[in-house]
Amino acid sequence: MAKFELKLPKMGESVAEATITNWLKKVGETIAADEAVLEIATDKVDSEVPSEVSGTLTEILFQVNDVVKVGQTIAIIETEGGSIETPKVAEVAAPVVAEVEKTIEVAKEIVAPADFSGSDKFFSPLVKNIAKEEGVSVTELETIKGSGKDGRVTKEDILNYIKNRGNQPAAVQTQATTPVAQPTVAAPQPSTQAVPVSVNGGDEIVEMDRMRKLISGYMVASVQTSAHVQSFIEVDVTNIVKWRDKVKTAFEKREGEKLTFTPIFMEAVAKALKDFPMMNISVDGEFIIKRKNINLGMAAALPNGNLIVPVIKNADQLNLVGMAKAVNDLGNRAKAGKLKPDDTQGGTYTVTNVGTFGSVFGTPIINQPQVGILALGAIRKVPAVIETPEGDFIGIRQKMFLSHSYDHRVVDGALGGSFVKRVADYLEAWDSNREI
């Protein structure tokens, strides 16, 4: 029998770690090649890790809620053969693994090893290593209130504790950082929010899920970072509505894809970003980064009702057919919970369709570190003044609002307003005889 090391694969250019959320296989169970072994979560999307070989799961090295670095071995699978196998995954981030191992070795040398065998609490290998490196004793570690499943101490819990401990008076800090069995000074407690209590007994208290907590943090951070300002413009999309009604059936028969309004709007946004490249930027401190590629994020619904923003890469290089296929693919995989971590990375500008929920317009929050986001309002039949050479008259037109939120630190009103006006111009100039 041979042993195969199942490692956490690389999941995207900027994804360096993931949290284990569920083991789909137990020790002793048989695994087929390409069968999912566990579920993981990055800061934006959930995913599965499949096995590259067939065999029997003999060892699980990390538990649920543990944070694992890319390239770390997470399980051992026993296979048929006579030699120890290693995964043939070229994308495994070896430098990351080497850095983690180096950190652990240094921690072992400079900190007296702590004995966790006497503790009744479970601590993940990552939490133990951080505790050893930072000189947090077992007794001190047991005082930390965990936010993980069953009260387990997570990476964030111990890092917050260490950060708060560093703000204590020198006498307390010196004593706390010495790994002794029984510290004479009680360890400071990190500030945690108490669980609210229903006064009348009829209210239901529900904790936010992991994704909602992340979204909450992102939204608050974005408002605190960017000076949000909005521009609104009404667009006549009558020609687009009539054209889509005319071609959508033939398009679906030919391409096997539905033709929605979203790819049409995405095409106009991509063209406007080429006209106004200073909307396709991001901010890093006091520096502006002008993005070479136009990667459009599109807000999509997850199975649990939360929203996520998958990204259409190089959107300006797609024709309308390609745009429709990309929009449908990302939207369908988002609904099925099948998005990969890399699907949500690298966005340079975001579009959200608030009209899906009947909203006429909205004021969306910028997706950091981008500087703009466009909300598409509901398309409505409204009376409008129609100008003709023979004079003006009232008619029924299909109209919608575009709501543009942008970062006033780097985008002035002239640029923000001109950009959304250009999007509107492209939509109103739609060719009713366009071939697709």
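Everything numeric in this text was worked out from a predicted model, so none of it was measured. Numbering of residues begins at 1 and proceeds along the displayed sequence.
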Is [X] reaching over with its side chain to a backbone N or O of [Y], donor-acceptor style, under 3.5 angstrom?
X: Thr21; Y: Glu39; result: yes
X: Asn367; Y: Thr350; result: no
X: Gln345; Y: Asp342; result: no
X: Asp343; Y: Lys340; result: yes
X: Thr348; Y: Asn295; result: yes
X: Thr143; Y: Glu140; result: yes
X: Trp243; Y: Trp430; result: no
X: Arg244; Y: Leu259; result: yes
X: Asn314; Y: Ile294; result: no

Can a donor-acceptor pair be found between the side chains of [X] and [Y] at a distance below 3.5 Å?
X: Ser222; Y: Gln368; result: yes
X: Asp157; Y: Ser147; result: yes
X: Gln230; Y: Ser405; result: yes

>> Quick one, Phe419 with Asn280, criterion side chain to side chain contact (heavy atoms under 4.5 Å, CB included). Give me CA distance, side-chain angles, the key distance, then yes/no.
In response: CA-CA 11 Å; Phe419 170 78; Asn280 197 54; over 6 Å; no

Can you name the closest pair of heavy atoms from [X] and [Y] and give their distance?
X: His408; Y: Gly413; value: CE1-N, 3.8 Å
X: Ala227; Y: Asp407; value: N-OD1, 3.4 Å
X: Glu48; Y: Pro50; value: O-CD, 3.6 Å

What distance separates [X] [atom1] from [Y] [atom2], expressed to the nearest 0.5 Å?
X: Ile162; Y: Ile130; atom1: CD1; atom2: CD1; answer: 6.5 Å
X: Leu374; Y: Met279; atom1: CG; atom2: CE; answer: 9.5 Å
X: Met323; Y: Leu296; atom1: CE; atom2: CG; answer: 6.0 Å
X: Thr56; Y: Lys3; atom1: OG1; atom2: NZ; answer: 12.5 Å
X: Ile60; Y: Asp66; atom1: CD1; atom2: CG; answer: 11.0 Å
X: Leu415; Y: Met278; atom1: CG; atom2: CE; answer: 7.5 Å

>> How about NZ on Lys274, more than 12 heavy atoms from neighbouring residues, nucleotides or ligands closer than 6.0 Å, or not?
In response: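 No.
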
> How about Lys421: does its NZ atom have over 12 heavy atoms from other parts shown lying under 6.0 Å from it?
Replying inline: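 For Lys421, atom NZ is not crowded (no more than 12 foreign heavy atoms under 6.0 Å).
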
> Lys26 and Leu57: side chain to side chain contact (heavy atoms under 4.5 Å, CB included), yes or no, with the steps?
Replying inline: CA-CA 7 Å; Lys26 298 179 181 179; Leu57 182 62; 5.8 Å; no

For [X], what residues pass the salt bridge (charged side-chain N to carboxylate O under 4.0 Å, His left out) criterion, not counting sequence neighbours?
X: Glu59; answer: none
X: Glu255; answer: Lys325
X: Lys213; answer: Glu207

> Are Val423 and Leu402 close enough, and set up right, to give a side chain to side chain contact (heavy atoms under 4.5 Å, CB included), and what steps lead you there?
Replying inline: CA-CA 9 Å; Val423 176; Leu402 301 180; 3.8 Å; yes

Cut-off 3.5 Å, no hydrogens considered: what does the side-chain donor-acceptor table look like for residues 354-362, sequence neighbours left out?
{"residue": "Thr356", "atom": "OG1", "partner": "Asn353", "partner atom": "O", "Å": "3.2"}
{"residue": "Thr356", "atom": "OG1", "partner": "Asn353", "partner atom": "ND2", "Å": "3.4"}

Within a strict 4.5 Å, meaning less than it, do heavy atoms of the [X] and [Y] side chains meet?
X: Pro310; Y: Ile308; answer: yes
X: Ile158; Y: Leu141; answer: yes
X: Val283; Y: Pro369; answer: no

>> So, using ring pair (Phe, Tyr, Trp, His ring centres under 6.0 Å) as the criterion, who are the partners of Tyr406 when residues are at least two apart?
In response: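 In terms of ring pair (Phe, Tyr, Trp, His ring centres under 6.0 Å), with neighbours along the sequence ignored, Tyr406 is linked to His404.
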
> Excluding sequence neighbours, so at least two apart, what forms ring pair (Phe, Tyr, Trp, His ring centres under 6.0 Å) with Tyr426?
Replying inline: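 Per chain and number, Tyr426 pairs via ring pair (Phe, Tyr, Trp, His ring centres under 6.0 Å) with no residue.
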
> What's the verdict on side chain to side chain contact (heavy atoms under 4.5 Å, CB included) for Ile312 and Val327, showing C-alpha distance, side-chain angles and the deciding distance?
Replying inline: CA-CA 7 Å; Ile312 302 172; Val327 167; 3.7 Å; yes

